[in-house]
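In what follows, a single structure is set out as structure tokens and then discussed.
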Amino acid sequence: MAPANVHPGSGSPQQQPSAERRLNSLVRHLLPSSPRRTAESSSATLESSPTMASQVASVFAGIAQAPEDPILGVTVAFNKDPNPNKVNLGVGAYRTEEGKPLVLNVVRRAEQMLINDPTRYKEYLPITGLAEFNKLSAKLIFGADSPAILENRVATVQCLSGTGSLRVGGEFLARHYHEHTVYIPQPTWGNHPKVFTLAGLKDVRYYRYYDPATRGLDFKGLLEDLGSAPNGAIVLIHACAHNPTGVDPTLDQWEQIRQLMRSKSLLPFFDSAYQGFASGSLDKDAQSVRMFVADGGELLMAQSYAKNMGMYGERVGALSIVCRSADVASRVESQLKLVIRPMYSSPPLHGPSVVATILKDSEMFKEWTVELKAMADRIISMRQQLFDALKARGTPGDWSHIIKQIGMFTFTGLTSEQVAFMRQEYHIYMTSDGRISMAGLNAKNVPILADAIHAAVTQLK
Ligand code: KET
């Protein structure tokens with residue numbers, strides 16, 4: 001049956017795909033007649049009429065509601081809370097003393113320079129990203145005088161922040177590395193097991209890392225677990241500022257870990273999401289990684305500029321694979337391209353351009369390190385303030401781990417019930433494992449948090 005009125009220019013019924021034609025005809029049949037109903041207006045009516053649309057069963061009808069992400073879901077819940085005094089200590093994102101997100105001055109300056117440059121265009125980047133950014137990123141983490149860089153043994157590709165770097169690295173290993181067992185610390189960033197499993201490394205296992213009794217490193221457990229791992233297994237290592245525990249090995253412990261791993265040919269996969277946030281020094285925070293590079297062995301490195309340059313939403317990161325020779329590195333890079341191209345083709349341009357502008361200019365680089373140190377120092381002062389506030393309240397328990405742990409988080413030891421209580425009664429939001437993002441604290445909300453912790457530990461034992 002031909003439609004009574006076809007709007008000029010809307011195409012003849014013969015040009016419409018047949019399923020759409022049948023649907024339009026059904027709508028016309030079901031709807032009360034109107035004087036001028038066209039093919040265009042009929043389909044618009046279908047879409048804008050919830051009653052009509054809901055009468056047709058969805059092809060996705062069987063889909064279950066997925067749970068929110070354990071970390072990013074905290075922000076979703078926080079945003080829904082109308083309480084004006086609510087506090088978000090969930091996601092690891094830096095906030096100023098005024099509780100506002102921070103764009104570093106040096107980043108603003110670099111962005112302005114890029115905008116003012118009329119020679120810049122928006123062509124696709126190569127599959128591997130911005131070459132200059134890749135070189136500078138490798139130097140930042142491995143050191144400008146790194147033998148691996150000088151010998152051209154590093155394959156670096158720009159990726160979508162730390163997560164994307166882990167994912168591309170994981171998929172590369174799943175395709176080209178003989179061992180698919182990957183060891184991650186217990187506990188670790190919640191996304192690690194999912195990223196590796198979906199990348200094709202299906203055998204994800206945990207190694208002991210944290211001892212709740214001492215609130216410190218379970219060094220003995222760590223050595224035992226890595227010692228009994230199959231030769232060649234992949235080991236995910238937090239380069240510094242371990243998330244969520246804020247507990248890092250000492251240099252001496254790193255050395256023992258390195259020796260053990262190399263003796264068993266365990267392949268290190270470093271995750272560096274917080275370079276500069278642990279100590280305030282970029283070089284100091286890269287020491288663990290550089291020890292592993294110095295021995296000439298191979299490793300993977302996932303780097304993120306989300307936290308240390310505040311580039312969160314720009315998704316800027318890099319994956320570097322340190323190889324034994326330049327020849328191997330070049331072949332590795334060629335295979336990384338085959339992982340990336342069907343995934344997202346090529347990475348974005350703006351973020352790495354900003355980062356490269358800063359890294360290559362010694363004066364801007366210096367300005368960055370000053371701003372980075374200021375962020376790290378503010379977090380350290382929040383640790384002291386929270387510790388003092390709990391002491392002043394006589395809150396039961398030893399809270400010295402708040403000042404001992406490093407990086408963005410404090411792993412408080414609060415139970416999930418206590419966390420739920422604090423959300424309910426004080427509108428304080430944190431992850432259910434008791435992790436607090438210290439960067440979300442300021443002089444105004446520290447007393448509220450201390451009151452909440454005090455109430456939680458005294459009322460819910
Ligand atoms: N590694 C670790 C250890 C990490 O904590 C994060 C982010 C990432 C990688 C990924 O960051 P990216 O933005 O992809 O560069 N952690 C914080 C944010 C998040 O969960 O996405 C967090 O733990 O709150």
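Heavy atoms only: backbone and side chains are in, while hydrogens, waters and symmetry mates are out. All ligand and atom numbering here is 1-based and tracks the order in the structure. Each residue takes its place number in the sequence, starting with 1.
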Nearest heavy atom to atom 4 (C) of ligand 1, choosing from Y305, F409, Y274, belongs to Y274

Look only at interatomic distance and state if G92 has a nitrogen or oxygen under 3.5 Å from any nitrogen or oxygen of ligand 1. yes

May I ask you to list the atoms of ligand 1 that are less than 4.0 angstrom from any heavy atom of N243? 4 (C), 5 (O), 23 (O)

Give the atoms of ligand 1, by number and element, whose distance to some non-hydrogen atom of A306 is under 4.0 Å. 13 (O), 15 (O)

If we only count N/O pairs under 3.5 Å, is R315 in contact with ligand 1? yes

Protein heavy atom at shortest distance from atom 6 (C) of ligand 1: W189 CE2, 3.5 Å

Using a 4.0 Å cutoff against the non-hydrogen atoms of R435, which atoms of ligand 1 qualify? 22 (C), 23 (O), 24 (O)

For V91, take its heavy atoms, then give the atoms of ligand 1 lying under 4.0 Å from any of them. 18 (C), 24 (O)

My understanding is that we take every heavy atom of each candidate and find the minimum distance to atom 2 (C) of ligand 1. Doing that for N308, L166, D271, which one comes out nearest? D271

Examine ligand 1 and decide if any of its atoms is less than 4.0 Å from a heavy atom belonging to Y312. no

Are any of the N or O atoms of G162 closer than 3.5 Å to those of ligand 1? yes

From CA spacing to verdict: salt bridge (charged side-chain N to carboxylate O under 4.0 Å, His left out), E333, K337: CA-CA 6 Å; E333 188 192 294; K337 286 161 73 172; 5.1 Å; no

Does M408 have a heavy atom less than 4.0 Å from any atom of ligand 1? no

Residues in side chain to side chain contact (heavy atoms under 4.5 Å, CB included) contact with V419, at least two apart in sequence or another chain: L414, M430

Checking H238 side chain against N243 main chain: does a donor-acceptor pair fall under 3.5 Å? yes

